[in-house]
Amino acid sequence: MDGYKEFTIQIKNLCKIDLANYKEKQMKRRIESLIRRNGLSDYDSYLKLLITSNKHLKEFMDYITINVSEFFRNPSQWSVLEHDILPALVSKKKHLKIWSSACAAGEEPYSLALLLAKMGILDNTDIIATDIDIKALEHARSGSYPQKSVVNIPGQLLDKFFLKNNDTFTLKEEIKKKIDFKILNLLDDRFPQQCDLILCRNVMIYFTEEAKDKLYKKFHDALVDEGILFVGSTEQIIMPQKYGFFSIRSFFYQKGKAS
Ligand SMILES: C[S@@+](CC[C@H](N)C(=O)[O-])C[C@H]1O[C@@H](n2cnc3c(N)ncnc32)[C@H](O)[C@@H]1O
């Protein structure tokens, strides 16, 4: 389908998402399938629909942001976080600041909060969780998940920190209140600063190399010296030294000390 370039310019004006930073082939495939699903056959008429209908604009945002997530996604990496990374961080500092930077419907920051509660260090931690998708954030704030979403959560944590109502599991207030959910566009907005740990998992895969390059630099700046960046399982950084990072375990990068 023609007209993608013009569409990206108009979308940037309409909802501040710069599609030029997302891999073109993948994004085109997704949007074109959405265009067809709406009974249309070109970008121009789809754009007109988005301009006139909030409902369709929301559907578009929802579809292109891809909110798939899981509690304790890639469990072996969470085990490294629990047994190596977090103990090393708390041995150096009493109070930690952690940022889950593409938090989807909250599965990732809540996994983190549950882990910190288990380790007895939740009260000494500030957790910020951000995403570009307002609908995902609304879900995250509710803290409610169907049974199929909570299968990866260890039974003890599920019993202790969730309220069960039929097939719905809702996090208790003591966990929910620990997370500050906010809207943030990684490609456009200012990052939280002085973070000890940043999780940026399963979102970089959608971005172009140029966008990734900028983001690694911004993540580096957002961390304290020796702070850690935790990435997704297909998102290892090629040449981390280029950005001032050292690989300390697979999927974990440490910011070097300023000399
Ligand atoms: C596949 S989910 C990953 C969720 C979680 N980090 C995980 O690993 O399971 C990708 C998330 O990135 C968000 N996202 C996409 N583009 C973004 C952007 N420019 N800024 C912030 N979040 C973005 C989407 O809304 C979505 O919730």
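In each ligand, atom 1 is the first atom listed, and ligand 1 is the first ligand listed.
- There is a side-chain donor-acceptor pair under 3.5 Å between D42 and S45.
- For I153, the side-chain contact (heavy atoms from CB on, under 4.5 Å) test picks out F71, F72, L114, V150, L157, L158, F162, with sequence neighbours left out.
- A salt bridge links K48 and D44; the closest N-O separation between the charged side-chain nitrogens and carboxylate oxygens is under 4.0 Å.
- Residues Y110 and F181 bring their aromatic ring centres within 6.0 Å.
- Without hydrogens or angle criteria, E235 side chain to I205 main chain gives a donor-acceptor distance under 3.5 Å.
- Put simply, the residue from D196, N124, D126 that forms a side chain to side chain donor-acceptor pair (under 3.5 Å) with H95 is D126.
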Find all protein N or O atoms under 3.5 angstrom from an N or O atom of ligand 1 and list the pairs with distances, or write 'none'.
unit_1   : atom_1 : unit_2 : atom_2 : d
ligand 1 : 6 (N)  : A102   : O      : 2.8
ligand 1 : 6 (N)  : E108   : OE1    : 2.9
ligand 1 : 6 (N)  : R201   : O      : 2.9
ligand 1 : 8 (O)  : R73    : NH1    : 3.4
ligand 1 : 8 (O)  : R201   : O      : 3.1
ligand 1 : 8 (O)  : N202   : ND2    : 2.7
ligand 1 : 9 (O)  : S69    : OG     : 2.5
ligand 1 : 9 (O)  : R73    : NH1    : 2.7
ligand 1 : 16 (N) : Y22    : OH     : 2.7
ligand 1 : 19 (N) : Y22    : OH     : 3.0
ligand 1 : 19 (N) : N185   : OD1    : 2.9
ligand 1 : 20 (N) : L186   : N      : 2.9
ligand 1 : 22 (N) : I132   : N      : 3.4
ligand 1 : 25 (O) : N67    : ND2    : 3.3
ligand 1 : 25 (O) : D131   : OD1    : 2.6
ligand 1 : 27 (O) : N67    : ND2    : 2.9
ligand 1 : 27 (O) : D131   : OD1    : 3.4
ligand 1 : 27 (O) : D131   : OD2    : 2.7

